[in-house]
There are 2 protein chains.
Amino acid sequence: MSTIKDVAKVAGCSISTVSYALNNDKRIPDITADRIKKIASEIGYFPSAAARNLKKRNTDTVLVAISDFGGPVYHELLDGIHFQLAKSGYTMIVSTGISSNNLLKERSADGAVITDIHISDQSLIQLAKNFRPIIVLDRRLKDTNIYNMTIDNHKAMYCLTKDILSKGYFKIGYVHGVKDTYDNQTRYSGFLAALQEKGIKVFREYYGNFTKPSGIMIGAELLKDSNLPDMLVCANDEMALGIMETLQKNGKIIPSDIGISGFDDIDLSSYVNPQLSSIKVNHFEWGKTIALTLIKLLKEEEVDIHKQEGIIMIRGSY
Amino acid sequence: MSTIKDVAKVAGCSISTVSYALNNDKRIPDITADRIKKIASEIGYFPSAAARNLKKRNTDTVLVAISDFGGPVYHELLDGIHFQLAKSGYTMIVSTGISSNNLLKERSADGAVITDIHISDQSLIQLAKNFRPIIVLDRRLKDTNIYNMTIDNHKAMYCLTKDILSKGYFKIGYVHGVKDTYDNQTRYSGFLAALQEKGIKVFREYYGNFTKPSGIMIGAELLKDSNLPDMLVCANDEMALGIMETLQKNGKIIPSDIGISGFDDIDLSSYVNPQLSSIKVNHFEWGKTIALTLIKLLKEEEVDIHKQEGIIMIRGSY
DNA sequence: GTGAAAGCGCTAACAC
DNA sequence: GTGTTAGCGCTTTCAC
């Protein structure tokens with residue numbers, strides 16, 4: 001492993017000159033700088049992140065902490081964040097579980113984006129005190145260094161429900177995800193707002209947990225019911241898909257017997273028949289916005305945090 | 001930001017005692033150690049990764065560099081690697097693109113797992129010189145610090161083809177992925193080996209690029225052909241799915257008109273009708289094996305590198 | 001059992 | 001334009 005000293009030795013100058021040259025300090029004339037850079041590359045020198053981070057007290061790195069790598073939603077989000085970060089000269093690292101904790105508390109990044117329900121509000125608040133800005137995507141949380149950027153669930157669900165109502169549906173059931181999550185609550189509230197505006201009551205409510213198996217169970221429950229809703233608004237696609245599959249297997253026709261809608265627009269929703277109407281978010285764009293916001297925060301510039309809009313995808317399922 | 005000095009001040013001892021206590025050095029009696037730990041936690045002290053890494057010349061961190069976050073295969077692999085790494089006290093970071101390069105060259109991790117075709121063999125070899133062990137999953141490459149761990153494509157494809165032959169198919173076509181990739185070559189060679197064993201010639205070969213659109217194009221090409229193969233062995237699922245969709249849309253019945261098989265067993269392959277026969281790898285287990293191997297390498301223990309076996313999933317598509 | 005001190009590889013203030 | 005040097009926050013050797 002070569003160090004800055006080795007470069008200085010070969011170049012016949014001091015280590016500070018090497019440092020200046022490699023960091024493009026204007027005081028070093030181009031000829032000298034180029035010579036030094038050439039030497040550095042010849043002997044295969046790269047500055048040590050550890051040493052630089054220690055001295056500069058920053059890492060030029062952003063951490064993205066996620067729950068797991070299997071979520072159907074994250075890919076474009078991560079790609080979008082990385083795209084913007086790279087463009088601005090930052091390095092992005094992604095982590096899960098205990099690794100996220102280690103990286104956060106030992107300050108291995110200058111800022112972080114969190115979408116990991118396994119990290120409690122408590123420990124996030126504690127971590128944030130020692131840390132630089134943290135953007136949370138999966139909850140609302142107000143504290144030092146913590147910023148919330150969420151999808152405008154309420155608005156998107158409100159618009160979707162208005163569209164459903166305009167199609168003449170009125171026996172409308174709602175399928176909840178995990179009850180006290182931010183996503184479930186805000187989606188539900190948007191749904192309710194649209195119904196209330198028309199003076200319509202919720203026909204029935206069902207309780208799932210955002211997974212397909214919970215949708216399958218709700219589907220089975222529905223089949224026993226002689227007085228079915230004519231429309232089912234689901235808090236996410238996975239449950240909607242589970243319900244749809246169960247209903248169709250048992251001879252129900254969608255959308256003529258019963259309409260159904262989801263939220264998230266996962267890939268599979270375009271593969272089923274009829275295609276599932278849902279709400280989609282341009283995650284790549286959202287990722288870019290998040291990264292841009294975090295970069296401003298890191299530079300201590302003014303930020304104006306806004307919610308990401310959902311896009312309503314009306315297809316064949318209602 | 002509190003440092004080790006702050007803890008020492010409050011505890012009324014030297015920084016070395018704090019360091020010993022926090023690192024569970026047996027020389028410090030439990031009573032003292034506990035007192036110091038309590039103080040540290042009270043003032044919210046966590047050691048700085050940068051300082052520790054610089055002094056210890058290691059990071060206890062492993063980097064996993066991937067092509068992008070959208071690949072259908074990676075989730076369980078990453079989860080498997082993380083599971084094992086966490087169990088052994090390592091932190092895992094995942095990165096793509098330029099970030100991977102930065103992290104690698106600045107030695108932000110002690111070892112790395114690479115599955116990113118965008119990193120050239122050349123730069124990998126160069127990076128590996130300065131770096132600690134690197135395990136590559138997506139190619140064969142022999143050099144200092146570089147270790148290959150791959151799926152036994154040849155064997156899996158050989159076994160699948162043998163099974164296909166035993167079902168009586170003999171006009172067998174092969175659908176290539178990107179021609180000169182490791183995956184394509186080894187899968188093809190397994191296919192050929194099984195045919196040769198029976199003295200059967202390849203009926204026809206088709207050339208795709210591992211994507212669904214390329215499968216769709218091959219499907220269109222097939223439809224123009226009056227003398228179709230009776231079986232299509234594809235280098236991966238995505239192409240197989242594209243072909244299948246195109247053929248079915250045009251009235252061909254699978255498997256009676258033509259059989260088809262894939263490789264990778266992506267989720268979607270169980271959703272189509274008939275379900276696609278394919279080769280599956282237990283990626284979570286494979287991830288654990290990879291992590292275990294890397295940990296041994298980091299500890300400079302003996303390793304015995306073996307290929308991961310594929311599991312043949314015979315379903316309805318042939 | 002505890003402390004003083006050296007030093008990991010850099011950056012940057014300061015001197016010339 | 002270049003060099004000397006202090007010091008970032010730790011770990012660890014050595015002394016006591």
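Letters A, B, ... are given to chains in the order of the sequence lines, protein chains preceding strands, and every chain is numbered from 1. This structure is a prediction, so every number in the text was calculated from the model and none was measured.
- For DNA chain C, the span of nucleotides reached by chain A at under 4.0 Å from its heavy atoms goes, 5' to 3', from dG9(C) to dC14(C).
- Under the side-chain contact (heavy atoms from CB on, under 4.5 Å) rule, I114(B) has a single partner from L137(B), V64(B), L124(B), which is L124(B).
- For the OP1/OP2 pair of dC10(D) and a distance below 4.0 Å, the side-chain nitrogens and oxygens of N53(B) include no atom meeting the criterion.
- Between N24(B) and K37(B) the shortest side-chain heavy-atom distance falls below 4.5 Å.
- For the side-chain contact (heavy atoms from CB on, under 4.5 Å) test with N53(A), the passing option among D60(A), D110(A), T59(A) is T59(A); the others fail.
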N/O-N/O pairs, protein side and nucleotides 7-9 of chain D side, under 3.5 Å:
{"from": "dG7(D)", "atom 1": "N2", "to": "K55(A)", "atom 2": "NZ", "distance (Å)": "3.2"}
{"from": "dC8(D)", "atom 1": "O3'", "to": "R57(A)", "atom 2": "NH2", "distance (Å)": "3.0"}
{"from": "dC8(D)", "atom 1": "O2", "to": "K55(A)", "atom 2": "N", "distance (Å)": "3.4"}
{"from": "dG9(D)", "atom 1": "OP1", "to": "R57(A)", "atom 2": "NH2", "distance (Å)": "2.6"}
{"from": "dG9(D)", "atom 1": "N2", "to": "A51(B)", "atom 2": "O", "distance (Å)": "3.4"}

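- Considering all non-hydrogen atoms of both residues, T3(A) and Y45(A) come closest at C-CE1, 3.4 Å.
- Between V178(A) and N184(A) the shortest heavy-atom distance is O-CB, 3.2 Å.
- Between I36(A) and C13(A) the shortest side-chain heavy-atom distance falls below 4.5 Å.
- Taking the six-membered ring where tryptophan is involved, the planes of F83(B) and F284(B) are tilted, since the angle between them lies from 30° to 60°.
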Pairs under 3.5 angstrom, nitrogen or oxygen only, protein versus nucleotides 1-4 of chain D, please.
{"from": "dG3(D)", "atom 1": "OP2", "to": "S14(A)", "atom 2": "N", "distance (Å)": "2.8"}
{"from": "dG3(D)", "atom 1": "OP2", "to": "S14(A)", "atom 2": "OG", "distance (Å)": "3.2"}
{"from": "dG3(D)", "atom 1": "OP2", "to": "T17(A)", "atom 2": "OG1", "distance (Å)": "2.7"}
{"from": "dG3(D)", "atom 1": "N7", "to": "S16(A)", "atom 2": "OG", "distance (Å)": "3.1"}
{"from": "dT4(D)", "atom 1": "O4", "to": "S16(A)", "atom 2": "OG", "distance (Å)": "3.2"}

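- Between G44(B) and N130(A), the closest heavy-atom pair is O-ND2, 2.9 Å.
- Looking at I290(A) and L77(A), their side chains come closer than 4.5 Å, going by heavy atoms from C-beta outward.
- In terms of heavy-atom proximity, Y90(B) sits nearest to T61(B) at CD2-N, 4.2 Å.
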